[in-house]
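A short write-up of the structure that comes next.
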Amino acid sequence: MFSRRKFIKTTALSASLLAIDKKSVAGLLPPALNAAVKPIVISTWDFGIAANQAAWKTLISGGKALDAVEQGVRVPEADPKNQSVGYGGLPDRDGHVTLDACIMDEAGNCGSVAGLEHIMHPISVARMVMEKTPHVMLVGDGALQFALENGFKKEKLLTKESEKAWKEWLKTAKYAPVMNIENKLYDKSAPQKLPGNQYNHDTIGMLAIDSHGNISGACTTSGMAYKLHGRVGDSPIIGAGLYVDNEVGGATSTGVGEEVIRNVGSFLVVELMRQGYSPEDACKEAVMRIIRKKPETAKNIQVGFLALNKKGEYGAYAIQKGFSYAVCTEQKTDLLIPGKSYY
Ligand code: ASP
């Protein structure tokens, strides 16, 4: 299926979305939107298309990038067919669905949760950590307690499909990466079936610029399937899975989080852009750090970075082929772009 997506997809706008665009441009938008600043939202993987469209509704009505990224990533979080984010995510090896998420705004405020169970929208809990506490990160039971005290509902996140896949995996219990099977698994025309000895991962990382020129980002995942209970990846770690600096731009990552953490990947990408690297070159250099340090490991894992600079330029780079990202602007609402890769 993926070969079809090797081409830039410029699917026609849906009539309803077009209607929103016209109405907004006609009068609802703040003056800045009609000037130099153009809102944009980008996010990782094919499932970023639907997430971007949700974010776009906020951006096109003059809303804040922070609200847009939160609303955007809530879409895959609530989608049971997506087995690597939120509800329906594949569990750890003990059968617990544990979620990681973080969010960061244009002022450098950030919030994060890790190892959060039973809550469908970890991104909204992360935002609440940012806005209602003096802290940045809450984990495990403490994060759950905080969520429940703040009105979030306790829900069962393990779906029948994910439970079945986990039980199948338990037969061999082999933790061995299979690269780039995620797009196929997510494809509605492909069977939603995981071979027993395989696992998948993937994260939605989203970056947006609003009509005021402010950048925010969000990142949310169920992490590596069949991980050790208590394992935390890069996704909820500010600087690793996500980083935003309103002077420069933002970056986010997907793939084997341990390698991203070791290189403080998203912070590195933003700092490289500060030095003048284009978003794609910055992502490439961050990938090369991983490859140079551990060439043998890198051969068999996937890590991808996605970046957006202050001018609205974007780019991505991954270790392996198969990484894709979605872009939504005034011109294109559902553009899917294959990220360049080392292999
Ligand atoms: N980065 C995520 C993690 O390590 C997984 C992924 O994006 O594939 O938990």
Side-chain angles (χ1 to χ4, degrees), residues 42-48 51 73 76-77 82-86 88-93 96-102 112-117 122-123 126 137 139-140 157 162 175-186 194 198-207 217-243 251-269 283 286-287 290 294 297-298 300-307 316-326 339 341:
I42 63 175
S43 59
T44 52
W45 301 110
D46 302 21
F47 48 70
V73 303
E77 281 185 342
N82 185 327
Q83 291 182 298
S84 59
V85 180
L90 290 167
D92 64 20
R93 59 189 61 184
H96 302 271
V97 179
T98 64
L99 305 179
D100 296 341
C102 73
S112 158
V113 289
L116 176 62
E117 293 185 54
I123 198 65
M137 190 171 198
V139 303
L157 302 182
S162 290
Y175 189 69
V178 176
M179 296 174 300
N180 298 325
I181 58 170
E182 295 79 16
N183 275 311
K184 250 186 270 158
L185 285 165
Y186 187 67
L194 275 173
Q198 298 184 352
Y199 71 91
N200 82 333
H201 50 90
D202 277 1
T203 294
I204 180 130
M206 177 178 278
L207 302 161
C219 187
T220 175
T221 189
S222 51
M224 305 296 282
Y226 319 135
K227 59 196 175 187
L228 278 175
H229 185 60
R231 179 264 187 189
V232 173
D234 58 323
S235 308
I237 297 180
I238 297 296
L242 177 75
Y243 195 69
T252 188
S253 63
T254 181
V256 177
E258 283 74 5
E259 300 312 320
V260 178
I261 295 172
R262 286 188 178 105
N263 292 280
V264 200
S266 292
F267 181 73
L268 173 61
V269 171
C283 292
V287 161
I290 294 172
K294 290 185 173 224
T297 305
N300 297 309
I301 62 161
Q302 176 64 305
V303 170
F305 290 101
L306 176 64
Y317 200 83
I319 300 179
Q320 312 287 343
K321 286 192 185 64
F323 177 47
S324 60
Y325 63 100
S341 63

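Everything quoted here is computed from the prediction, not taken from an experiment. Start at 1 and go down the list; that is how both ligands and their atoms are numbered.
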Quiz item: Which residues pass the ring pair (Phe, Tyr, Trp, His ring centres under 6.0 Å) test with Y243, sequence neighbours left out?
Solution: F267

Exercise. Drop me the distance from I237's CD1 to D100's CG, to the nearest 0.5 angstrom.
Key: 8.0 Å

Quiz item: Just by distance, with hydrogens left out, do E77 and T220 show a side-chain donor and acceptor under 3.5 Å apart?
Solution: yes

Exercise. Would you give the length of the straight line joining atom CE of M224 to atom CG of L90, rounded to the nearest 0.5 angstrom?
Key: 11.0 Å

Sub-3.5 Å pairs, protein N or O with ligand 1 N or O:
unit_1, atom_1, unit_2, atom_2, d
ligand 1, 1 (N), D234, OD1, 2.6
ligand 1, 1 (N), G255, O, 2.6
ligand 1, 4 (O), R231, NH1, 3.4
ligand 1, 4 (O), R231, NH2, 2.8
ligand 1, 4 (O), D234, OD1, 3.3
ligand 1, 4 (O), G255, O, 3.2
ligand 1, 4 (O), G257, N, 2.9
ligand 1, 7 (O), T203, N, 3.3
ligand 1, 7 (O), T203, OG1, 2.5
ligand 1, 7 (O), T254, OG1, 2.8
ligand 1, 7 (O), G255, N, 2.8
ligand 1, 8 (O), H201, ND1, 2.4
ligand 1, 8 (O), D202, N, 2.7
ligand 1, 8 (O), G255, N, 3.2
ligand 1, 8 (O), G255, O, 3.4
ligand 1, 9 (O), R231, NH1, 2.7

Quiz prompt | Contacts of type side chain to side chain donor-acceptor pair (under 3.5 Å), residue S222, not counting sequence neighbours | solution = none

Practice problem: With sequence neighbours excluded, tell me which residues meet salt bridge (charged side-chain N to carboxylate O under 4.0 Å, His left out) with E259. | Solution: R262

